[in-house]
Structures are given as structure tokens and as C-alpha cells.
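Below is one structure, written out as C-alpha cells; the observations come after it.
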Amino acid sequence: MIATDSHETMTDHDPYTTIEESDRAFWGEAVADAIESREPTEPIVIKGGVSPSGVPHIGHLNEIVRGYVVAEVLRDRGHNVRQVFTSDDKDRLRKLPRRLADLDWNVVELGEVDAGALGRNLGKPYTAIPDPFGCCDSYGEHFTTLLARSADLLDIPIDVVSNTDLYADGTFEDITKYILDNQQSAREVLADYQNSVDAAYVPFQAECQSCGMLTDGITDVDPDAGTVSYTCQDVTVGEETIDGCGHEGTVSLREGKLPWRFEWPAQWSVLDVDFEPFGKDHAEGSWPSGVDIAQNVLDVQPPVAMVYEWFTLNGDALSSSAGNVVTAEEVLDLLESEVFRYFFCKDPRKQRDFNVAHIDQLVDEFDRLERVYFDEIEADADERERAEQVYPIAVDEPREGRVRIPYTFAAVLAMTDDPELREEIARREGHIPDDAPAWAVEDALARVEKARTWARRTDNAFNYDLKREELPAVDFDADTAAALDALADFVADGADGEAIQGRIYELADEYDLDVGDFFSAGYRLLFDLDEGPKLGPFLATLDREFVVGRLRRDR
RNA sequence: GGGCCGGUAGCUCAGUCAGGCAGAGCGUCUGGCUUUUAACCAGACGGUCAUGGGUUCAAUUCCCAUCCGGCCCGCCA
């Protein structure tokens with residue numbers, strides 16, 4: 001329509017510049033600035049959305065948490081913000097996922113449900129497919145529920161909006177009619193982005209009244225009557241072609257959907273969206289065409305945009321089909337939700353690996369952020385500014401006096417199941433201040449279980465495998481053996497951890513052993529390793545009979 | 001093939017917008033704490049800022065090319 005202007009307007013809507021062109025230290029502030037400069041009406045609407053195609057993983061959470069970050073910045077500035085999450089559940093099921101999950105996050109293989117029954121639903125809207133678990137009204141509702149629960153787990157309030165409902169309740173009706181009334185202009189605009197758009201293209205997919213599939217075989221449109229006629233023809237989804245049933249019929253504008261390229265800008269219009277983050281896969285396809293359609297077909301202003309890079313998981317692409325996924329529920333077994341939220345506060349423009357093996361580093365980073373925020377450690381001005389802006393978003397109610405036990409040390413504490421002993425060791429090692437309030441101690445110790453889960457799941461160096469059943473193969477010289485016997489006698493007489501620790505040093509001296517070698521002998525006996533937790537206190541946590549027998553190499 | 005995003009210490013990451021001595025944490029090493037043992041304290045080591053050119057008094061930063069990782073340019077979302 002205004003071809004000469006299109007380049008210029010696209011530059012204004014380059015989704016990368018929202019953050020790039022700002023001098024803000026924190027991207028959330030940059031985006032908030034861009035939104036405010038539009039002087040939006042309240043409430044400011046922030047949207048995200050995904051198709052409920054299967055088990056939601058941390059990549060999908062970008063659509064919720066990135067928006068939440070900006071929402072919180074705006075709320076802090078006094079704005080009323082509504083965060084909407086559209087479940088794009090009117091989309092076609094294109095492919096069966098390899099794994100599904102029930103509402104309690106128990107993952108099951110496709111083979112464990114009726115895959116054949118599911119497979120007969122390819123090409124139908126997610127909400128028109130029975131829930132394979134039988135607990136929700138549809139396949140779509142099932143996985144939308146899991147998406148909503150993911151948000152709940154992170155304490156992020158969102159309004160979940162079903163796209164299916166928007167069609168069914170008529171919300172989309174006017175705009176659908178408008179697009180069909182203006183098919184010519186719709187085609188011309190979209191044709192710049194999709195080669196397949198020709199004179200016969202109709203921006204509507206009808207839901208076949210006979211087989212339920214969404215078909216592109218539109219034969220006639222009567223905008224005034226509000227009806228679309230179709231022939232149910234074959235549909236290509238991914239690699240496969242699904243046979244249409246050939247049924248000919250006529251449906252209302254509520255019985256079908258707009259193609260995605262139109263549906264997205266239509267959502268902006270009917271939901272009055274002011275900001276939407278999206279993955280880089282949209283940055284050069286859907287987004288520019290969406291902007292063009294919004295401006296030149298629908299005559300609405302596109303929202304402020306932001307591109308986020310995709311996460312990888314343990315170095316590889318997140319992939320439902322390859323099974324390389326991790327859910328919010330699983331992540332929260334390993335770390336606190338505020339740490340996970342912090343992960344999403346990091347620069348969205350960088351590809352980021354969520355690496356379970358290195359989770360301790362992510363947690364350390366968060367702990368440092370917290371200490372910088374509370375001025376407990378020195379930091380330069382940039383880091384302080386970042387902490388001031390980011391920390392209150394990651395943490396709901398910043399509370400002074402909070403205590404954090406270093407993550408790897410929390411893993412060390414997991415060597416004992418005794419909560420009092422955990423606390424005692426943490427205090428002794430200086431990780432819990434004497435004047436720490438009870439709530440802070442309790443919160444701090446809660447990390448121990450998460451770190452234990454991490455150590456076990458990754459089977460790393462912190463996963464103490466006490467060789468309780470069987471004496472590891474050891475071969476000590478006479479002096480070491482004698483010193484171990486003496487230590488056994490000392491333990492047998494009853495001694496606390498610090499006393500045992502001290503005795504180890506004394507015995508090393510008495511028997512002219514290298515202290516390090518003597519400690520290693522102890523770790524060798526217990527773990528078949530050369531290193532381990534502080535030995536004296538650790539021996540004190542175990543039952544005396546076992547320790548004495550083991551030190552004497554009897555059992 | 002064309003376009004776009006990213007690449008900074010062994011690891012995890014700031015810094016690049018607006019050119020001005022290359023940064024933090026962790027790890028490693030050394031020393032200290034009248035007991036080095038995954039705690040604590042001090043210090044050190046550690047960099048071709050992916051590579052090669054260009055502009056500049058000065059380039060991690062700006063420009064060009066290349067490499068690597070990824071996305072888009074079919075359909076679909």
C-alpha cells in the first residue's frame with residue numbers, strides 16, 4: 001500500500017533495536033522505556049504465547065518470564081500491567097510428541113498412551129483432540145494447564161487466554177470479517193513475505209464439520225453473511241500430508257481460524273497488546289509480516305517488540321523429540337525459583353546454555369547479586385546498578401538478613417540427613433551468622449535438599465557415595481595402618497568431630513605421615529576417593545561402630 | 001545462495017550502545033589461620049576480547065571479509 005514507507009517503518013520496528021539503542025544497563029529497563037515512550041493506555045498489556053503442543057520446557061517459559069520481567073519494571077514505575085498469555089490452542093496438531101506428561105509432571109512415553117488414537121487427530125486444532133490422559137477437556141487444555149502451572153511454580157501471575165475461546169466467543173469475529181472483507185490488501189501484503197500467496201489465497205482455515213481438520217480449501221467467502229465455504233482437502237503438516245475427507249460445507253467465522261501470519265496481529269488488536277517478546281525464529285518471518293499487516297491491513301500499531309535468543313540445555317538444542325528438555329518443575333528441584341527467575345533476567349540477546357552440571361555457578365552468581373544488592377560486598381557502580389534493578393525482579397520481596405549457603409557447600413551438607421547437624425556444620429563453617437533469624441536459617445537450609453538432588457542427578461563429585469557395604473581395595477604401609485588403628489581407638493572411645501579432626505593431625509605427626517596422605521587414606525576407606533568432606537566432623541556423623549570397623553579395615 | 005543474532009580467562013559471565021591501561025566470581029597455584037583437607041583470609045597465575053584486514057593519535061568497541069554456533073528466507077507455528 002505505501003511501499004516507499006515500508007522500509008522506514010520496518011526500521012522503527014526492528015525488534016533488535018529495542019534493547020540495542022538504549023543506554024540502560026538492564027534490558028528490562030530499556031524495554032520499559034520503549035513501552036512508556038508510546039504512552040500506552042492503562043493497563044499496559046504484555047503478551048506471550050505458545051502452542052500447547054506438548055510438555056512445556058524452559059524454552060517455552062521465555063514467553064512468560066521475559067514478559068514478566070518487563071511487567072515488574074513497569075509496575076515498579078507505577079503502571080498497571082496485565083500480563084496475558086495466549087495459548088495458541090486453535091493451531092493444528094502437526095506431529096506427535098515423543099513424550100507427554102500428566103498434570104503432576106510425570107513424563108510418559110507416547111507408547112504408554114493410545115498413540116494410534118492421537119495420531120488420527122493430526123491436522124485438527126489442539127482443543128478438538130481428546131486429552132490422552134482423560135483428565136482435561138482436550139489435548140490443548142491439558143498442556144495449557146501445564147503451561148499455567150509452570151507460571152504458578154515461578155509465582156508469575158498471568159491471564160491465560162485460550163485462542164480457541166477467542167474464536168468461539170466471537171472476540172475474533174469482527175477482525176476476521178474485516179480481513180476477509182479486505183482480502184485483496186491482505187493478500188498483497190502477505191505476498192511480500194510468502195511466495196505461495198497467490199490470487200486464490202484466502203486468509204482463513206475452516207474447521208471441517210465432518211472430520212474436524214483445519215482445511216485451507218476455501219471455495220467461497222460471504223463476508224456479509226459471515227460464512228466461509230470449503231472443501232476439506234489434503235493438508236501438509238511438516239513432512240506429512242494428511243488426507244482431507246473431501247467434505248464440502250459452510251462454516252461461520254467462529255468455526256475456523258486465521259492463518260498465523262494474520263492471527264498474531266489480530267491478537268495484538270483484540271487484546272490491545274503493548275509489548276510482546278518472541279523467539280528469534282519469529283524475528284525475520286512472522287514479525288516483519290505481522291508489522292506490515294498490522295499497519296497496512298488492520299490499521300493498528302504493532303506492539304513494542306523484543307527478540308530473545310534460544311536456550312540450549314546442557315550444550316544441545318532443546319528438543320522435545322530428542323528428549324532434551326527440562327521442565328520448570330524439574331528445575332525447581334535443583335534451585336530456588338528466584339535463582340531461576342534471575343536466569344531470565346540475563347541479556348536475552350545472548351544464546352544461553354542452561355547447564356545442569358554448572359548450576360552451582362548460576363546460583364553463585366545469584367548469591368553475589370543478592371549480596372551486592374544489600375551492599376554486603378564491594379562492587380563497582382555498574383554491577384551495583386544492575387543488582388538494584390534486577391534483584392527485586394528475581395525476588396518478590398527483598399528481605400534483609402537473608403542467608404545463603406554456597407550451593408556446593410549445601411551439597412556437602414547433604415551428606416547427613418540430620419537437619420540439626422546440617423545447621424551445626426553450616427554455622428561452624430561460618431555460613432550462618434550467629435544472629436541470623438530463624439526464618440533465614442530455615443530458608444538457607446532448604447537449599448541443601450536441592451543441592452543433594454543436583455549432586456545425585458549429575459552424579460558429580462558432591463554425590464558422596466559412602467562405600468558402606470564393602471571395604472574399598474586399599475593397600476596402606478605399616479605406619480599408615482598403625483595410625484588408622486590408633487584413630488579407630490580414639491573414635492571408639494567417643495569423640496566429637498572437632499576432636500577427631502585434631503587427632504588426625506596429631507597422629508599424622510606421631511607416625512611421621514604426610515597429613516595430606518593420611519587424610520586421603522581416610523577418604524579412600526570411606527569413598528574410594530582422595531578427597532572428601534572435612535573428615536573429623538564427617539566421621540562423627542556416621543555410626544561409631546561402622547567408623548571404627550572401617551578404620552581398622554575389618555569391614 | 002541471501003539476510004539476521006551471538007562468540008570476552010580453564011568454567012560461568014559483566015563490559016561493547018558513546019573508541020581511551022582487559023574486568024568479576026568460581027577453579028588452579030602459593031602463602032596464612034600456634035590443624036592446608038571442598039570453610040575462612042591474603043596474594044599470584046590465567047586473555048591474539050573467534051580470525052584477518054581497514055579507519056583512527058588510540059579499536060574488544062566503528063567498518064569490511066572470513067570462521068564457528070544458531071535463526072529466518074518453503075509450509076506451519
Side-chain angles (χ1 to χ4, degrees), chain A residues 14-17 19-25 30 49-51 53 88 90-95 123 126 163 193-196 205 214 216 235-241 259-261 263-264 278-288 307-310 312 315 317 346-353 355 357-365 367-369 371-372 377-380 382-383 386 405-409 411-413 415 425-431 461-462 464 498 501-506 508-509 514-520 522-523 529-538:
Chain A
D14 181 335
Y16 288 100
T17 58
I19 296 174
E20 263 167 26
E21 290 183 349
S22 170
D23 58 358
R24 294 285 196 172
V50 301
S51 302
S53 56
D88 296 333
K90 190 76 179 180
D91 296 349
R92 287 182 181 122
L93 173 68
R94 307 175 63 232
K95 191 174 147 192
Y126 290 110
N163 226 28
Y193 304 90
Q194 294 192 338
N195 296 332
S196 62
Q205 296 165 348
L214 284 165
D216 300 305
V235 169
T236 303
V237 288
E239 306 287 295
E240 284 188 78
T241 297
W260 163 249
R261 296 285 179 130
E263 187 176 74
W264 199 19
F278 47 84
K280 64 169 167 185
D281 53 331
H282 286 325
E284 311 218 24
S286 309
W287 173 252
V307 180
Y308 58 82
E309 282 284 329
W310 287 0
T312 52
K346 289 149 86 87
D347 193 337
R349 294 171 297 176
K350 299 219 181 198
Q351 295 170 181
R352 226 165 271 281
D353 188 36
N355 196 316
H358 295 156
I359 270 185
D360 56 314
Q361 295 188 325
L362 176 65
V363 179
D364 285 348
E365 224 180 278
D367 289 354
R368 180 180 170 83
L369 179 85
R371 287 193 294 268
V372 170
I377 51 173
E378 284 186 29
D380 62 32
D382 285 347
E383 194 178 1
R386 193 161 165 272
I405 297 171
Y407 194 77
T408 52
F409 192 76
V412 173
L413 288 179
M415 66 190 176
I425 297 172
R427 283 185 185 278
R428 185 176 58 224
E429 298 297 341
H431 293 303
F462 296 93
Y464 295 100
E498 284 306 315
Q501 182 78 0
R503 186 70 182 143
I504 292 171
Y505 283 97
E506 292 169 11
D509 190 45
D514 177 83
V515 174
D517 289 347
F518 191 43
F519 270 102
S520 288
Y523 297 126
L529 294 170
D530 288 326
E531 288 187 327
K534 195 167 181 178
L535 196 53
F538 181 73

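What's counted below: heavy atoms across the whole structure, side chains too, no hydrogens, waters or symmetry copies. Sequence lines set the chain letters: A, B, ... in the order given, protein chains first and strands last, and positions in each chain run from 1.
- In this model, the phosphate group of B:rC75 is approached by a side-chain N or O of A:Ser196 to a distance below 4.0 Å at OP1 or OP2.
- Remark: the separation of the C1' atoms in B:rU28 and B:rC73 is 47 Å, to the nearest Å.
- Remark: B:rA44 base-pairs with B:rU28; criterion is Watson-Crick or G-U wobble with both hydrogen-bond distances under 3.5 Å.
- Proximity of A:Gln501 to the phosphate of B:rU36: no side-chain N or O atom is located under 4.0 Å from OP1 or OP2.
- A gap of 11 Å separates the P atoms of B:rG3 and B:rC64, to the nearest Å.
- Following rounding to the nearest Å, A:Arg371 (CZ) and B:rA24 (C1') show an atom-to-atom distance of 13 Å.
- Applying the 6.0 Å contact sphere to NZ of A:Lys95 captures no more than 12 heavy atoms from other residues, nucleotides or ligands.
- Atom pair A:Gln205:CD and B:rC75:C1' shows a separation of 11 Å (rounding to whole Å applied).
- Considering only heavy atoms from C-beta on, A:Trp264 comes within 4.5 Å of A:His282 through its side chain.
- Between the side chains of A:Trp260 and A:Ser286, at least one donor N or O sits under 3.5 Å from an acceptor N or O.
- Within 4.0 Å (heavy atoms only), A:Asp360 reaches no atom of the nucleic acid at all.
- Look at A:Glu309 and A:Lys280 and you find a salt bridge, because one of the NZ, NE, NH1 or NH2 atoms lies within 4.0 Å of a carboxylate O, short of that distance.
- Between A:Arg386 and A:Glu383 there is no salt bridge, since no side-chain nitrogen of the basic residue lies less than 4.0 Å from a carboxylate oxygen of the acidic one.
- If you take atom P in B:rU60 and the same atom in B:rA22, they sit 8 Å apart, rounded to whole Å.
- Residue A:Ser286 places a side-chain atom within donor-acceptor reach of the base of B:rA77, judged by atom type and a 3.5 Å distance cut-off alone.
- Look at CD1 on A:Ile19: it is 16 Å from P on B:rC17, rounded to the nearest Å.
- Look at CG on A:Leu369: it is 15 Å from P on B:rG25, rounded to the nearest Å.
- Across all strands shown, A:Thr408 has no heavy atoms under 4.0 Å from either base or sugar-phosphate atoms.
- A distance of about 35 Å separates the P atoms of B:rC21 and B:rA39, rounded to the whole Å.
- When the nearest nucleotides of RNA chain B are assigned to A:Asp88 and A:His431 by heavy-atom distance, the more 5′-ward of the two goes with A:His431.
- Note on A:Val515: a base of the nucleic acid sits closer than 4.0 angstrom, heavy atoms only.
- Of the possible donor and acceptor atoms, none in the side chain of A:Ser22 sits under 3.5 Å from a partner among the backbone N and O of A:Ile19.
- A:Asp88 contributes no side-chain N or O that, together with a main-chain N or O of A:Asp91, makes up a donor-acceptor pair within less than 3.5 Å.
- A search for ring pair (Phe, Tyr, Trp, His ring centres under 6.0 Å) contacts involving A:Phe409 returns A:His431, not counting sequence neighbours.
- Note on A:Asp23: a base of the nucleic acid sits closer than 4.0 angstrom, heavy atoms only.
- Here the side chain of A:Arg261 pairs no donor or acceptor atom with the backbone of A:Trp287 at under 3.5 angstrom.
- Under the 3.5 Å distance criterion, the side-chain polar atoms of A:Asp360 are left unmatched by any main-chain donor or acceptor of A:Thr408.
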Please tabulate the protein-to-nucleotide N/O contacts below 3.5 Å involving nucleotides 19-21 of chain B, giving atom names and distances.
none

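- Taking the P atom of each, B:rC11 and B:rA18 are spaced 31 Å apart, rounded to whole Å.
- Using a 4.0 Å heavy-atom distance criterion, A:Ser520 is classed as making no nucleic acid contact.
- Per the geometry, CD belonging to A:Gln351 stands 14 Å off P belonging to B:rA50, to the nearest Å.
- Rounded to a whole angstrom, the distance from the C1' atom of B:rA59 to that of B:rG52 is 15 Å.
- A straight line from CZ of A:Arg349 to P of B:rC71 spans 20 Å, rounded to a whole angstrom.
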Table of protein N/O atoms under 3.5 Å from nucleotides 10-14 of chain B N/O atoms:
residue, atom, partner, partner atom, Å
B:rC11, O2', A:Gln361, OE1, 2.9
B:rC11, O2', A:Gln361, NE2, 3.4
B:rC11, O2, A:Gln361, NE2, 3.1
B:rU12, O4', A:Gln361, OE1, 2.4
B:rU12, O2', A:Glu365, OE1, 3.1
B:rC13, O3', A:Arg352, NH1, 3.3
B:rA14, OP1, A:Arg352, NH1, 3.4
B:rA14, OP1, A:Arg352, NH2, 2.9

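- Dashed line: the shortest gap from a side-chain N or O of A:Gln194 to OP1 or OP2 of B:rC73 is not under 4.0 Å.
- Across B:rG15 and B:rC62, the matching P atoms stand 14 Å from one another, rounded to whole Å.
- Atom pair A:Phe519:CZ and B:rU35:P shows a separation of 12 Å (rounding to whole Å applied).
- Pairing for B:rU34 is absent, with no Watson-Crick or G-U wobble pair whose two atom distances lie under 3.5 Å.
- One C1' atom belongs to B:rA24, the other to B:rU8, and the distance between them is 12 Å to the nearest Å.
- Atoms CG (A:Asp281) and C1' (B:rC5) sit 12 Å apart, rounded to a whole Å.
- A:Trp310 comes within 4.0 angstrom of sugar-phosphate atoms only, judged by non-hydrogen atoms across all strands, and of no base.
- When side chains are defined from C-beta on, A:Thr241 does not count as touching A:Val235, because their heavy atoms never get closer than 4.5 Å.
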- [ ] Give the intermediate values and the outcome of salt bridge (Lys or Arg N to Asp or Glu O under 4.0 Å) for residues A:Arg371 and A:Asp364.
- [x] CA-CA 11 Å; A:Arg371 287 193 294 268; A:Asp364 285 348; over 6 Å; no
